[in-house]
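For ligands, and for the atoms within them, numbers begin at 1 and follow the listed sequence. Quick caveat, the model's predicted, so the values are computed rather than measured.
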Amino acid sequence: MQTSSIHGMWSSRLAFVLAATGSAVGLGNIWRFPYITSENGGGAFVLVYLVCIFLVGLPVMFSEIVIGRRGRMSPINSLKELSDDAGKTRAWMGLGVLGVIAGFVILSFYSVVAGWTLHYGFLYFKELIGMGQPITDPAETFTGLLANAGELTFWHGLFMLMTVAVVALGVEKGLERAVSILMPMLFVLLLILLGYGIQTGHFMEAVSFLFRPDWSQLSFGMVVTALGQAFFTLSLGMCAIMTYGAYLPSNANIPAVGTTVAISDTVVALIAGLAIFPVVIAFGIDPAGGGAGLIFTSLPLAFAEMPFGIAYGMAFFLLLSVAAWTSSISLMEPATAYLVESTNLSRKGAALCVAAVAWMLGLVSVFSFNLWAEVSIGGRSLMDAKDFVTSEIMLPIGGLLTALFAGWALSSAISREELDNKMPNWAYTAWLWLARVGAPGLILIVMAGRLELF
Ligand code: PFF
């Protein structure tokens, strides 16, 4: 059993929790969760999403960390070693390959959206120092940005450079420190926004939109979207948490750290929803019509009215960029670790190759808003198609295979040992059967229903 990884190690179990929470908390919570929730009609969607987090997300989270820590290598090679040790087929490496591909595709559009947040941070900064125009018509500002391919490419490129810089330095340096200071700051800003939302007088309407289920909205399509959001927001299904697990000290308690990450992520998403929807309602925006621009077209209206709104707006978007940064690092890490293990490339060279490919792939998303706005695949823009294929197909399949591998291919002696001997028996048995049958079964049923197979 390996006790360390050639790529480095987290300095403590807290460092892992911070890094994994940094990976989980990002645009998925503050940008994607509100707009997907609004498109799916609120309450029923949120409840299904919460069920997916606990019945599917949590067991898959434990499974990823167990596999990663046992293998101590990039996902592809960890799966190879562990399959060999267990006398199972090497075809399991395919899960690692799927994860690496999903990582490329997600990184490529994630970086474009993170570029929007950087751009908004910069707009507020210019306004603050008296060199920019105030955002008087947020919808127009947003449409104007999307129409400008050059601007989008620049911010997408800048964000990708920021990501590659950290990944090139390795796991110990930079990342841990950045996460431990900046993430709590973002949380405080969210709480301030929540306070503003409460005093708009529309807070209870937001609560009821988010938590009162209208079950007529329930469909297999909606459930797959909720499942996809659960995977996306927890960074599961593409071996990112598996990769972080490879750097986890042997004495860390996996159920404790995994649960902490899942709960923190869920709390941030719910607070983001509770902070954003009162604003959306107060300014009469049609929640269902907001689409991917929801936070960019609604929040500036609130910032224009709040005391110190410009400084606040700048801090909010810059910290959101940081949250996106700590997530994009984890999107880049699995492929980078694999290249370091399997080629002669240094970590720097490997990270640069991954970034270059993801940046080029990202141009497809950039152009989907302007030059290629007419192109669609199955009724979706190229941007939406990449998001759909990854979160609603690749991540659930990745999660399914991860749970099956941890539940069936690994011996229960190994998973028991990794999950901590102090874990009560009932809890271990619950995890084991959720990983073996519960989570894969739910994923299969939901996906089959979506494909109208029954
Ligand atoms: N969990 C991140 C978010 O919510 O923004 C996005 C993400 C990161 C997805 C890493 C997948 C991943 F592997």
Hey, what's the ring geometry for Phe45 with Tyr49, parallel, tilted or perpendicular (30° and 60° as the breaks)?
->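 If you compare the ring of Phe45 with that of Tyr49, the planes turn out parallel.
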Parallel, tilted or perpendicular: which fits the ring planes of Phe316 and Tyr312, with parallel below 30° and perpendicular above 60°?
->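 Rings of Phe316 and Tyr312: parallel, as their planes differ by under 30°.
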Sort and list the pairs that fulfil side chain to side chain donor-acceptor pair (under 3.5 Å) and have at least one residue in residues 264-281, not counting sequence neighbours.
->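 Every side chain to side chain donor-acceptor pair (under 3.5 Å) pair that includes a residue of residues 264-281, provided the two are not neighbours, is Asn29-Asp265, Thr233-Asp265.
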With the criterion set at N/O pairs under 3.5 Å, what does the list of contacts between the protein and ligand 1 look like, atom names and distances included?
from: ligand 1; atom 1: 1 (N); to: Ser23; atom 2: O; distance (Å): 3.2
from: ligand 1; atom 1: 1 (N); to: Ala24; atom 2: O; distance (Å): 3.1
from: ligand 1; atom 1: 1 (N); to: Phe232; atom 2: O; distance (Å): 2.8
from: ligand 1; atom 1: 1 (N); to: Thr233; atom 2: O; distance (Å): 3.2
from: ligand 1; atom 1: 1 (N); to: Ser235; atom 2: OG; distance (Å): 2.9
from: ligand 1; atom 1: 4 (O); to: Ala24; atom 2: O; distance (Å): 2.8
from: ligand 1; atom 1: 4 (O); to: Gly28; atom 2: N; distance (Å): 3.3
from: ligand 1; atom 1: 4 (O); to: Asn29; atom 2: OD1; distance (Å): 3.4
from: ligand 1; atom 1: 5 (O); to: Leu27; atom 2: N; distance (Å): 3.1
from: ligand 1; atom 1: 5 (O); to: Gly28; atom 2: N; distance (Å): 2.7
from: ligand 1; atom 1: 5 (O); to: Tyr110; atom 2: OH; distance (Å): 2.4

Ser250 side chain to Arg72 side chain, donor-acceptor N/O pair below 3.5 angstrom |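 Distance-only check passes for Ser250 and Arg72.
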Arg90 side chain vs Lys80 backbone, donor-acceptor pair below 3.5 Å =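 It does not hold such a pair.
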Worked verdict on Glu333 versus Thr243 for side chain to side chain donor-acceptor pair (under 3.5 Å) = CA-CA 7 Å; Glu333 182 64 25; Thr243 311; over 6 Å; no
